[in-house]
Amino acid sequence: MFEDGLLALKPDNVTYEEAAAVSFGGTTALHFLRKGKIQSARKVLVYGASGAVGTAAVQLANYFGAEVTGVYSTANLELVKSLGADKVVDYTKEDFAKRGELYDIIFDAIGKHSKSNCKNAMAPNGQYVSVAGQGVAKVRTEDLLLLKELMEKGVLKPVIDRLYSFEQMADAHRYVETGHKKGCVAIMVGHDREL
Ligand SMILES: NC(=O)c1ccc[n+]([C@@H]2O[C@H](COP(=O)([O-])OP(=O)(O)OC[C@H]3O[C@@H](n4cnc5c(N)ncnc54)[C@H](OP(=O)(O)O)[C@@H]3O)[C@@H](O)[C@H]2O)c1
């Protein structure tokens with residue numbers, strides 16, 4: 001949740017829609033990765049690596065130096081690899097929890113995988129964090145500034161699936177509700193640019 005006073009300048013090298021997309025997925029991913037103790041994590045698994053939160057989480061976990069495994073479906077393989085995932089698991093073909101790998105953080109970035117189903121894949125002292133049921137991500141100004149810096153350096157790439165006009169808001173919601181968007185969907189407000 002954004003509170004009064006939380007502000008950062010938009011990086012010059014991204015559009016307003018891209019900056020908005022990263023502000024949503026990036027701040028959420030940072031919050032939960034920190035909660036999972038990302039600074040000391042060697043191996044991180046991001047479940048739902050192709051969503052708004054997931055695409056940011058893969059890139060941020062990479063930035064913090066972890067080996068990142070992204071769980072995706074076939075259509076999103078190239079996207080998840082392009083974000084820097086070291087390893088990938090197709091959830092339609094394989095259960096990551098049965099691969100015999102252990103992770104320091106399992107981050108369910110779409111809130112669809114239960115903690116109990118992950119227990120065989122947790123390293124000793126490993127952390128399970130999820131966007132579902134663990135409170136709302138707290139946004140801090142320093143998080144926005146870090147995201148800005150990483151976008152400027154090209155370390156963090158915004159992923160926008162579709163852009164909609166304000167008038168197409170209902171269509172945008174319908175698309176998001178399919179649960180299969182890649183990264184973010186953005187609404188353009190007050191722009192006269194053609195979509
Ligand atoms: N707690 C908080 O503070 C907070 C903040 C922001 C968001 N959220 C929540 O975070 C969740 C994620 O939102 P989002 O916008 O990032 O993503 P999203 O739109 O919910 O996720 C879409 C992506 O998830 C993938 N996906 C769908 N089912 C999957 C499955 N079973 N296994 C693996 N991947 C799967 C889809 O890929 P395929 O098409 O390949 O299936 C698609 O790329 C939402 O529930 C949102 O409410 C929580």
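Note that the numbering runs from 1 along the sequence shown for the chain. Remember, predicted model here, so these are calculated numbers, not experimental data. Just so you know, ligand 1 is whichever comes first in the structure, and atom 1 is the first atom listed for that ligand. The figures here come from the full heavy-atom set of this structure, side chains too, leaving out hydrogens, waters and symmetry mates.
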Can you list the steps and then say if Phe96 with His113 is a ring pair (Phe, Tyr, Trp, His ring centres under 6.0 Å)?
CA-CA 11 Å; Phe96 75 82; His113 208 284; 4.8 Å; yes
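Among Val88, Leu83, Val46, the one residue that satisfies the side chain to side chain contact (heavy atoms under 4.5 Å, CB included) test with Val68 is Val46.
Applying the salt bridge (Lys or Arg N to Asp or Glu O under 4.0 Å) test to every pair with at least one member in residues 25-38, sequence neighbours left out, gives these pairs: Arg34-Asp143.
With Asn120 contributing its side chain and Ala97 its backbone, the two residues share no donor-acceptor pair below 3.5 Å. A distance-only check finds a donor-acceptor pair linking the side chain of Asn13 to the backbone of Met151 [under 3.5 Å]. Side chain of Asp161 to main chain of Gly183: no donor-acceptor pair is present (N/O by atom type, distance under 3.5 Å, no hydrogens or angles).
Near ligand 1, heavy-atom contacts under 4.0 Å come from Phe24, Thr28, Phe32, Tyr47, Gly48, Ser50, Gly51, Ala52, Val53, Ser73, Asn76, Tyr91, Ala109, Ile110, Lys112, Val131, Gly135, Val136, Ala137, Gly179, His180, Lys181.
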